[in-house]
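Let me begin by handing over the structure; questions about it come next.
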Amino acid sequence: MTQDNTRYNHRAAEPKWRAAWSAAGIFKAVAPDKAAGKPKYYVLEMFPYPSGRIHVGHARNYTMGDVVARFKRARGYNVLHPMGWDAFGLPAENAAIDRGAHPFTWTLENIAVMKKQLELLGLDIDWDRELATCTPEYYKHQQKMFLAFWDKGLAYRRKAKVNWDPVDQTVLANEQVIDGRGWRSGAVVETRELEQWMFKVTQYADDLLEALKGLERWPDKVRLMQTNWIGKSRGAKVWWDIASVPPQLTGGHAKDPIEVFTTRPDTLFGASFLAMAPDHPLTKAIAAFRPDVAAFMAECAGLGTSEADIEQAEKIGIDLGVRVKHPLDPSWEIPVYAANFVLSTYGTGAIFGSPAGDQRDLDFANKYGLSFKPVVLPPGADPVTHAITDVAFTDDGVTYNSGFLDGLPTREAIAAAIAKLEETGHGKGTVQWRLRDWGVSRQRYWGCPIPAIHCQACGVVPVPDDQLPVTLPEDAVFDGAGNPLAKHPTWKHAPCPHCARPALRETDTLDTFVDSSWYFARFTDPQNKTAPFDKALADYWLPVDQYVGGIEHAVLHLLYSRFFTRAMRDCGFLSLPSGEPFDGLFTQGMVTHETYKSAAGKWLGPEEVDRRDSGAVDIATGAPVTVGAIEKMSKSKRNVVDLDDFVREYGADVARWFVLSDSPPERDVEWTASGVEGAWRFVQRVWAAVEAHGKAPKPKDPAGDISADGLALRQIAHRTLAGVTDDIEGFRFNRAVARLYELFNAVRKSEADAWSRGEALRIGVQVLSPFMPHLAEECWQALGQDGLLAAAPWPTADRALVAQDTITLPVQINGKKRGEITIAKGAAQDAVEAIALADETVKGFLKGQKVRKIILVPDRILNIVAAPAGGAAE
RNA sequence: GCGGACGUGGCGAAACCGGUAGACGCAGCGGACUUAAAAUCCGCUUUUGGCAACGAAGUGCGGGUUCGAGUCCCGCCGUCCGCACCA
């Protein structure tokens with residue numbers, strides 16, 4: 001017979017236990033007043049975009065959150081672990097254009113499929129709280145919040161230069177432009193001026209920066225990325241009075257001082273020129289009568305903004321014919337240029353060039369023959385001979401050639417220069433931010449409508465509360481050209497809420513990042529019909545204690561959410577004094593897989609390829625296949641393993657186990673068939689051990705006859721328990737997996753008595769349960785335990801068994817390991833020395849040597865420092 | 001260019017505070033069971049010398065601190081990530 005009766009049957013066990021958990025309702029978060037003193041714990045994975053199907057790569061993120069949720073629940077917390085759908089977005093609208101499917105239908109169908117798939121994983125999720133951002137039940141409250149923000153000045157309208165994606169035909173936030181291309185379409189982004197809705201993120205710039213320091217349970221990397229993104233620079237605004245202008249220049253430009261921003265006011269005496277952005281108002285004004293300047297502007301506008309373009313672009317400029325007076329020495333006149341390397345979007349769109357202290361300024365000065373002098377003396381340099389020719393000195397030093405600043409170190413010189421500028425009215429100490437307000441208008445259908453009405457008489461008017469939600473029209477036309485809302489024949493027409501005259505609805509929708517900036521708060525009260533959420537519930541559950549998601553959201557989503565919680569707090573929706581939505585953040589690595597390409601250049605999926613040592617072959621045709629790079633699982637490269645297929649063959653537990661083993665959670669893990677086999681073998685070994693034990697006689701009196709082997713096994717079990725407990729707390733899942741392998745290997749090999757073995761199995765199964773909940777539950781039952789393991793409290797390790805009473809201590813001689821001795825735990829130095837020096841191996845190595853020093857690290861190591869006897873030293 | 005992280009067997013990795021380098025898994029090799037194969041089980045598996053006991057070397061490279069360095073410091077080399085004409 002090939003039929004093996006003792007095999008664990010995941011196909012029967014997994015659905016059975018999922019049904020049992022569901023029937024018992026153990027994954028439901030308990031209302032605060034019924035929590036019976038249990039502390040709350042909110043664990044959340046970044047919610048998915050419903051794009052189609054789930055593959056095993058997606059499973060890693062949810063499994064990590066699930067391990068934490070199950071663990072915390074067993075540890076006595078009132079756990080909130082919800083799931084929802086980030087359901088607005090371009091793919092749905094593109095599907096509508098490509099296939100004629102309505103975005104709403106397409107999205108709901110995907111959600112249905114993906115929810116079924118997620119359920120297969122056996123996740124500890126409170127599905128009663130499920131939400132989808134594309135439903136009016138959700139976005140109604142978002143519109144409400146938008147109006148509250150607007151009322152508070154946190155949302156406003158402004159004509160702004162925007163990044164226009166010509167393929168997706170919409171505006172992109174700066175954060176969504178990567179190397180000058182749209183983050184989704186990859187199209188080269190154009191600049192346009194449009195009337196835009198903005199969120200005033202900059203209002204919280206200082207707090208968003210400062211509060212990063214308090215986010216101790218966030219990865220340093222993410223905090224650093226946000227710090228850089230916010231980009232705080234201290235410096236000064238400096239006003240340069242006009243000395244002379246071309247006769248054609250009139251009005252303000254001819255007399256108002258030019259404002260520049262600098263972080264190095266200490267180098268003002270090294271100034272050589274001013275440079276304006278090509279699209280600075282002054283440049284434009286001069287271009288109006290100088291064709292050469294107009295041509296220069298056009299040339300600069302034609303240059304790309306991609307990395308390669310910038311690298312190759314030469315630093316070029318043009319003299320505008322304007323002369324300004326030096327702010328600290330009015331007799332000194334300085335020329336004003338327009339230059340292609342000055343950005344209109346940062347600072348004041350104008351700089352002063354101090355060539356000795358800035359490489360770009362130096363290159364520019366050399367190119368146009370502008371004179372300059374060094375003003376910062378490098379440490380140790382000679383003030384008489386020090387000179388700058390083609391390499392600028394950008395570090396701190398001592399100021400010289402600078403009048404009243406002479407002799408001051410750079411930091412002090414900056415402060416002194418600012419003081420002088422303020423005193424003479426030629427400047428002001430200031431802080432410059434890289435962070436800009438968030439443009440949230442999108443010219444798209446499949447997003448949350450912005451609840452505003454444009455009235456010719458009354459201006460832009462909020463939609464009254466009783467008219468919310470402003471819902472999307474179902475009968476829009478999706479032909480890929482422009483915004484379906486703007487083109488809809490009737491939807492945009494609405495009476496003005498103020499004067500009742502015919503007016504037009506706002507046809508822009510909100511950036512989908514708005515939807516995901518507050519969903520974690522909605523989860524605290526997802527059925528609320530009158531408010532986004534109840535304040536008391538949000539105050540109870542927030543902040544999220546553990547957030548799990550991809551590093552790709554290090555700036556966008558996480559920064560927007562931090563803005564949103566502050567804005568919600570200041571509009572009275574919640575308390576959250578810190579303003580921080582996520583107390584702990586973990587950024588998990590991806591699941592990768594080999595890629596396969598046929599001779600014809602077509603990507604092949606793993607299921608279509610027969611992988612051999614020597615290479616790979618297309619199963620259908622027998623043709624050889626090129627094995628490509630190991631990459632993140634993605635639909636486009638087809639290197640995905642479908643979750644349904646996998647669960648049918650191996651079970652959810654094997655998938656869960658695999659994605660957590662081998663690699664640290666923050667690093668990528670490569671999915672391999674052989675790795676899967678290893679996980680599968682382990683499942684069967686665990687089950688075999690439990691089943692074999694279940695049939696063994698159980699002694700009535702546990703304390704009676706514990707063998708030496710039994711004690712040893714009990715020690716391993718309790719140490720595993722203590723270790724895995726720490727590992728889960730510390731997000732070291734791969735280490736926990738290794739420990740569990742060790743425990744079950746030990747059980748298999750041990751000659752322990754039945755009682756000790758039973759205890760080890762019981763502990764092992766319990767500790768295994770966050771990782772492989774179905775198998776653990778089946779084993780729990782087979783071991784004769786009552787109730788559901790998923791509802792059982794986490795066991796406590798016996799400290800006496802975790803602690804070791806005797807220790808094998810390595811003995812080093814001159815730093816090399818030469819032997820081992822057995823000592824009592826905590827033995828004093830003299831006792832250990834005596835044992836070590838009496839040891840035969842040690843004696844052998846010490847023959848003819850004189851012991852000079854003995855270092856004992858208690859219970860860790862002993863190092864004997866020895867030298868040849870009678871040596872000359874000392 | 002600026003900022004950051006990392007570099008350990010054939011592979012993924014472990015070593016948490018400076019204290020036995022390579023746990024655990026994969027692959028490989030040998031064996032048991034089998035008519036045979038699969039599955040399963042047992043053993044070996046950093047390199048190198050040796051029949052062995054037992055040595056030697058070894059955590060990208062070169063230095064340093066220390067009784068002791070994968071871990072700390074300095075300088076290189078390499079890989080990856082973020083930002084980028086940011087004044």
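Quick note on labels: first sequence line is chain A, next is B, and so on, each numbered from 1.
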### Query
Base, sugar-phosphate, or nothing for A:Ser674, non-hydrogen atoms under 4.0 angstrom?
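It contacts sugar-phosphate atoms only.
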### Message
Distance check, P atoms only: B:G31 and B:A38, in whole angstrom units.
### Response
14 Å
### Task
Would you indicate, yes or no, if B:A23 has its OP1 or OP2 atom less than 4.0 angstrom from a side-chain nitrogen or oxygen of A:Asn734?
no
### Message
Classify the ring geometry of A:Phe364 against A:Phe273: parallel below 30°, tilted from 30° to 60°, perpendicular beyond 60°.
### Response
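Because their plane-to-plane angle lies in the 30° to 60° range, the rings of A:Phe364 and A:Phe273 count as tilted.
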### Task
Look at all strands and tell whether A:Phe845 reaches a base, only sugar-phosphate, or nothing, counting heavy atoms closer than 4.0 Å.
sugar-phosphate
### Task
Would you classify A:Glu742 as touching base, sugar-phosphate or nothing, given that sugar-phosphate means primed atoms plus P, OP1 and OP2, and contacts are heavy atoms under 4.0 Å?
sugar-phosphate
### Query
How does RNA chain B read in dot-bracket, base by base from 5' to 3', with Watson-Crick or G-U pairs under 3.5 Å and | used when the partner is on another strand?
(((((((..(((......[....))).(((((.......))))).((((....))))..(((((..]....))))))))))))....
### C1' atoms of B:C72 and B:C67, separation to the nearest Å
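Those two atoms are separated by 16 Å.
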### Query
For A:Leu343, which contact category applies under a 4.0 Å heavy-atom criterion: base, sugar-phosphate, or nothing?
base
#### Entry: Separation between the C1' atoms of B:G4 and B:A13, rounded to whole Å
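Going atom to atom, C1' in each nucleotide, I get 23 Å.
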### Message
By the 4.0 Å heavy-atom rule, please label A:Asp361 as base, sugar-phosphate, or nothing.
### Response
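Result for A:Asp361 = nothing.
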### Query
Using the glycosidic torsion, which applies to B:G9: syn (within 90° of 0) or anti (everything else)?
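Here the answer is syn: the torsion falls within 90° of 0.
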### Under 4.0 angstrom between A:Arg667 side-chain N/O and B:C6 OP1 or OP2
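Result: no.
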